[in-house]
Protein chains: 2
Amino acid sequence: MQYGLTELEGAVLSEIHHRGALTAFKVRKAFQDSPSIEWSGSSGAVYPAIRRMTESGLIQEKLMAQARKVNHLALTQTGIDALNQWIVAPQRATSVGLDPFRLRAGLWPHLPAEVRKEGLQRVKGEIESEVEHLRAYLETLDLVERRRVELSIILQETRLQWQAVHWPDEIGFDGGQ
Amino acid sequence: MQYGLTELEGAVLSEIHHRGALTAFKVRKAFQDSPSIEWSGSSGAVYPAIRRMTESGLIQEKLMAQARKVNHLALTQTGIDALNQWIVAPQRATSVGLDPFRLRAGLWPHLPAEVRKEGLQRVKGEIESEVEHLRAYLETLDLVERRRVELSIILQETRLQWQAVHWPDEIGFDGGQ
DNA sequence: CCGAACATGTAACCTGTTACATGATTAC
DNA sequence: GTAATCATGTAACAGGTTACATGTTCGG
């Protein structure tokens with residue numbers, strides 16, 4: 001059977017199943033704590049997604065008697081199947097994704113020289129400090145998130161490399177090794 | 001002044017201004033012809049976006065008298081400013097974006113061995129054939145789109161590399177050089 | 001006792017999707 | 001003449017966003 005999960009839905013399932021998020025709140029937290037800004041981890045996305053998937057039998061909720069209003073979440077077998085399918089789904093898993101840097105890559109030559117130079121340097125600086133931050137962050141992570149961050153670092157370094165190749169003058173090699 | 005364009009809006013402006021799309025239809029075409037599946041280039045996205053930006057003074061439409069119902073599009077000075085701002089916008093331009101491969105990277109170990117092996121090989125095959133396709137495509141492109149496709153190829157090759165490092169047995173080095 | 005963190009949820013909104021509708025022009 | 005391409009648009013829907021609303025538990 002085909003399930004057709006969105007990227008967020010798949011991510012939610014994997015948070016529950018592979019990263020030990022027991023509650024919707026923890027799932028939200030994981031998204032908010034994640035270094036990428038792609039998902040806000042808004043309750044307006046997470047709670048409806050979990051309700052949808054509960055209603056279609058992918059998630060089971062157990063309302064804890066003892067505690068405050070807390071649902072403990074777990075995947076059903078159907079949910080596990082859907083998640084595995086989502087991980088492997090080839091036309092999704094191989095797509096190049098939405099990359100703002102890439103989208104802009106060919107537009108730099110069309111900027112006025114000053115704006116371009118300043119922009120390229122600002123981008124370079126941002127990326128460098130993000131890489132630094134990601135490296136530190138790396139230590140604290142479980143394997144699932146670690147792989148993601150590792151790939152983020154590789155991506156950012158590729159971007160720096162690309163900048164150095166295409167805009168050596170604007171970036172400035174002076175002082176570097 | 002701050003304009004806060006979406007990624008699609010910025011892309012539309014750059015199609016008009018830097019890639020010579022005269023009509024909304026051509027903008028749509030460009031998105032549809034682009035190898036990445038991220039945007040459908042649906043008229044339901046493009047036409048409203050152009051109307052929005054026309055109403056806020058970023059685009060000017062000139063209804064061609066002679067022809068059928070055809071609007072020739074061009075950016076206003078305000079539109080050019082907004083586009084340049086969008087290109088340079090650092091917290092956007094440096095974000096790692098939404099990458100389905102990366103999102104799934106840490107989940108492979110959790111799949112049943114057979115599913116995983118089959119999945120990894122399928123992903124590898126898909127990526128390899130996409131790279132091949134992209135390389136051929138490259139010849140036919142203007143510089144703006146070419147830079148994007150070049151970065152897509154680099155990304156896909158990084159992914160293959162990553163697979164080879166993390167899943168050598170599943171991918172299989174035998175027969176390769 | 002008070003603030004921070006935990007926990008769930010809704011409402012209004014925005015922007016994208018697919019599918020549909022219409023018609024003109026061009027190439028064969 | 002008819003099929004493909006060019007061209008514009010709308011309607012219903014889906015899935016996100018921010019902002020708001022509410023209440024509990026725990027640490028100091």
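Here is how names work: the chains are called A, B, and so on, in the same order as the sequence lines, proteins then strands, and each is numbered from 1.
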OP1 or OP2 of [N] sitting under 4.0 Å from any side-chain N/O of [X]?
| X | N | result |
| --- | --- | --- |
| A/Arg28 | C/dA5 | no |
| B/Ser40 | C/dG16 | no |
| B/Lys26 | D/dA7 | yes |
| B/Lys29 | D/dC6 | yes |

Should B/Glu150 and A/His166 count as side-chain neighbours, where that means a heavy-atom distance under 4.5 Å? yes
Side chains of B/Leu13 and B/Ile59 in contact at under 4.5 Å (non-hydrogen atoms): yes
Under 3.5 Å, side chain of A/Arg159 to main-chain N/O of B/Thr94, donor-acceptor pair present?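 Such a contact is found between A/Arg159 side chain and B/Thr94 backbone.
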Return the value, rounded to whole Å, for the distance between atom [atom1] of [X] and atom [atom2] of [N].
| X | N | atom1 | atom2 | value |
| --- | --- | --- | --- | --- |
| A/Phe31 | C/dC6 | CZ | C1' | 18 Å |
| B/Ile37 | C/dT17 | CD1 | C1' | 13 Å |
| B/Arg52 | C/dT15 | CZ | C1' | 6 Å |
| A/Gln32 | D/dT18 | CD | P | 10 Å |
| A/Phe25 | C/dA4 | CZ | P | 14 Å |
| B/Trp39 | C/dT17 | CH2 | P | 9 Å |
| B/Leu22 | D/dA7 | CG | P | 9 Å |
| A/Leu98 | C/dT15 | CG | C1' | 13 Å |

What verdict does the side-chain hydrogen bond (donor to acceptor under 3.5 Å, both in side chains) test give for A/Glu38 and B/Ser95, after you've listed the backbone C-alpha separation in whole Å, the side-chain angles of each residue and the deciding distance to 0.1 Å? CA-CA 8 Å; A/Glu38 309 314 326; B/Ser95 116; 2.7 Å; yes
Of the options [options], whose atoms approach the side-chain atoms of [X] most closely?
| X | options | value |
| --- | --- | --- |
| A/Asn71 | D/dT8, C/dT8, D/dG16 | C/dT8 |
| A/Thr23 | C/dA7, C/dT17, D/dT18 | C/dA7 |
| B/Ser43 | C/dT8, D/dG9, D/dG16 | D/dG9 |
| B/Ala24 | D/dT17, D/dT8, D/dG16 | D/dT8 |
| B/Tyr47 | C/dG16, D/dA7, C/dT18 | D/dA7 |
| A/Leu8 | D/dG16, D/dC6, C/dT18 | D/dG16 |

When you measure from the centre of the six-membered ring of A/Trp162, is the NZ or CZ of B/Arg147 closer than 6.0 Å and no more than 45° off the axis?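 Checked: cation-pi criterion not met.
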Verify whether one side chain among B/Gln156 and B/Glu130 offers a donor that lies under 3.5 Å from an acceptor in the other.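 Note: B/Gln156 and B/Glu130 side chains meet the donor-acceptor criterion.
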Tell me what A/Arg51 touches on the nucleic acid: a base, only sugar-phosphate, or nothing, going by heavy atoms under 4.0 Å. sugar-phosphate
What contact category does A/Ala45 fall into here, base, sugar-phosphate, or nothing, at under 4.0 angstrom with non-hydrogen atoms?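 The residue A/Ala45 makes base contact.
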Is any side-chain N of the basic residue among A/Glu126 and A/Arg122 closer than 4.0 Å to the acidic one's carboxylate O? no
hbond_proxy B/Ser42 side chain to C/dG16 base (donor-acceptor, 3.5 Å cutoff): no
Could you run down the sub-3.5 Å N/O contacts of the protein with nucleotides 11-14 of chain D?
none

Under the rule for ring-ring contact (aromatic ring centres under 6.0 Å, His included), what residues qualify as partners of A/Tyr47, not counting sequence neighbours? none
